[in-house]
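Single-structure report; data block below.
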Amino acid sequence: MKLKITAYGGAAMLLLAVSVVVTLSFGSAGLSVGKVWAILLHQLAWNADSPPEWTRLEEAVVLQVRLSRVILAVLVGACLGLAGAGFQGVLRNPLADPYTLGVASGSSVGAAFIILMGFQAVLGMWTVPAVAFATGLATLLAVFWLGRTEGRVELETLILSGVIIQAFLGSFVSLMISMSNSVVNEILYWLMGSLAKRGWEHVLLMIPFALLGLPAIAAFAQAMNLMVLGERQAAHLGVRVERTKLIVLLFSTLLTAAAVSVTGVIGFVGLVVPHLVRLIAGPDYRLIVPLSALVGGIYVLWADTLARMALSPKEIPLGVLTALVGAPFFAYLLKRRKAGLKEGSA
């Protein structure tokens, strides 16, 4: 198993490194690949003696705009991929992810409310993530309450509950937009999701969440493997089921809130990425969890690169692009799951 983790992990990290190199090299600023890497190598070497062959504006484009955006895309993708793996693991539902459960929309409601009321500076840069986490957690609790039947949470109705809550929250955000004149564009940004106008301060904001979330969810990977057998069977095998669900759901919600507080709603990443990992590496969550972080980073990085270059100089909102890919994928999974249930009942 260790050899398998090393092989898949090494391949994913190599692909991530190649993706970072390629996406850094191209953009809408019209800089040549050679100049981009000359700027980066000059900065890394701290070689102030040789006079640069570029302007300060070109240096700022590479170091302050493009490099920070690439790193932020990787961190956001890693957080959303991890959150999706966590939700699917403890809920035993392949259709679960931060978007379909309404958690992403709930987090965006908190962020939009803070923007509307002008309270962003209350806790400094942690204000929006803190409120986004609180509203995202409240949304998750509401989804569980709505999906509960006779004291039990029915997994088949959980996604439907998420869709209902998501529709309600969408109406609430629309209400806030109608109440605002000065920050309407900023609130719309949260609805569409984007990495535009994000900088190094947002990278620094995301790093602690990514570093905390990966080991926290990975620690329960074997427990999630056993929970596939059913909660009762997992409990007989020594899994503390309720504790596992509580911790994994909390950390998954926290990762979602952090990503949403920075980029807005980027849908279906947590749905698509763990499924891609399963197709390649199999159903073992000891592989799925770390690979979901790496593949999530790659997925969002390339989606963002396509979003900023496809219609250059205009930019497609990242959330729109991921929804164009994710919604058909969700429909495919839903149809396949229904077919599987019919075969099982036959």
Side-chain angles (χ1 to χ4, degrees), residues 72-88 91 93-112 132-133 135-136 139-140 142-143 158-174 177 187-196 198 206 252-277 292-293 295-308 310 315-334 337:
L72 184 61
V74 172
L75 289 171
V76 168
C79 286
L80 292 175
L82 271 173
F87 281 127
Q88 291 176 18
L91 297 178
N93 191 324
L95 301 179
D97 93 312
Y99 187 76
T100 56
L101 287 174
V103 175
S105 296
S107 297
S108 70
V109 166
F133 173 67
T135 54
T139 302
L140 184 65
V143 169
L158 203 61
I159 301 299
L160 179 60
S161 302
V163 171
I164 293 170
I165 296 293
Q166 188 183 77
F168 171 75
L169 295 175
S171 301
F172 192 69
V173 173
S174 298
I177 291 174
I187 295 176
L188 283 172
Y189 161 83
W190 296 106
L191 289 178
M192 294 186 290
S194 176
L195 292 174
R198 305 289 92 178
M206 288 297 302
S252 297
T253 302
L254 183 63
L255 290 168
T256 303
V260 168
S261 69
V262 170
T263 65
V265 180
I266 300 177
F268 297 106
V269 176
L271 176 74
V272 173
V273 168
H275 277 281
L276 291 177
V277 172
S292 290
V295 176
I298 296 168
Y299 180 81
V300 172
L301 178 56
W302 279 107
D304 182 59
T305 302
L306 181 61
R308 61 185 170 87
E315 185 171 316
I316 304 171
L318 179 57
V320 172
L321 191 61
T322 57
L324 287 173
V325 175
F329 190 76
F330 177 76
Y332 162 74
L333 290 176
L334 182 61
R337 183 168 175 80

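Nothing here was measured: the structure is a model prediction, and the numbers come from that model. Computation of the quantities below employed the complete heavy-atom set of this structure, encompassing side-chain atoms and omitting hydrogens, waters and symmetry-equivalent molecules. Residue numbers count from 1 along this sequence.
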Inset, instruction - For residues Leu140 and Phe87, report the shortest heavy-atom separation together with the two atoms involved. - result: CD1-CE2, 4.1 Å
Legend entry - Residue list, side-chain contact (heavy atoms from CB on, under 4.5 Å) with Ala167, at least two apart or on another chain: none
Legend entry - Gln166 side chain to Ala104 backbone, donor-acceptor under 3.5 Å: no
Legend entry - Spatial distance of atom OG1 (Thr322) from atom CG (Asp304) [nearest 0.5 Å]: 10.5 Å
Inset, instruction - Sequence neighbours left out, what passes ring-ring contact (aromatic ring centres under 6.0 Å, His included) with Phe168? Give chain and number order. - result: none
Inset, instruction - Locate the shortest heavy-atom distance separating Ser194 from Glu315; write the atom from each residue and the value. - result: OG-OE2, 3.6 Å
Inset, instruction - Could you tell me which residues satisfy side-chain contact (heavy atoms from CB on, under 4.5 Å) with Val300, sequence neighbours excluded, listed by chain and number? - result: Ala73, Val269, Leu318
Legend entry - Listed partners of Val109 passing side-chain contact (heavy atoms from CB on, under 4.5 Å), at least two apart: Leu169, Phe172, Val173, Met176
Inset, instruction - Mind listing the closest non-hydrogen atom pair of Arg198 and Leu72 along with its distance? - result: CB-CD2, 3.4 Å
Legend entry - side chain to side chain donor-acceptor pair (under 3.5 Å) partners for Thr100, two or more places apart: Asp97
Legend entry - Interatomic distance, Leu306 atom CG to Ile316 atom CD1 [nearest 0.5 angstrom]: 6.0 Å
Inset, instruction - Indicate yes or no for a side-chain donor-acceptor contact from Thr263 to the backbone of Leu195 under 3.5 Å, with no hydrogens or angles considered. - result: no
Legend entry - Closest non-hydrogen atom pair between Leu91 and Ala96, with its separation: CD1-CB, 4.1 Å
Inset, instruction - Could you tell me whether a side-chain N or O of Thr139 sits under 3.5 Å from a main-chain N or O of Val103, the two making a donor and an acceptor? - result: no
Inset, instruction - Name all residues meeting the side-chain contact (heavy atoms from CB on, under 4.5 Å) criterion together with Ala85; count only those two or more places apart in sequence or in a different chain, and write none if there are none. - result: Pro274, Ile288, Ser292
Inset, instruction - Supply the atom-to-atom distance Leu255 CG to Met206 CE, rounded to the nearest 0.5 angstrom. - result: 7.5 Å
Legend entry - Test ring-ring contact (aromatic ring centres under 6.0 Å, His included) applied to Phe268 - qualifying residues, sequence neighbours left out: Tyr99
Inset, instruction - Indicate the atoms forming the closest heavy-atom contact of Leu80 with Thr256, along with that distance. - result: CD2-CA, 4.5 Å
Inset, instruction - Check Pro94 against His275 and note the closest heavy-atom contact, atom names and distance. - result: O-NE2, 2.7 Å
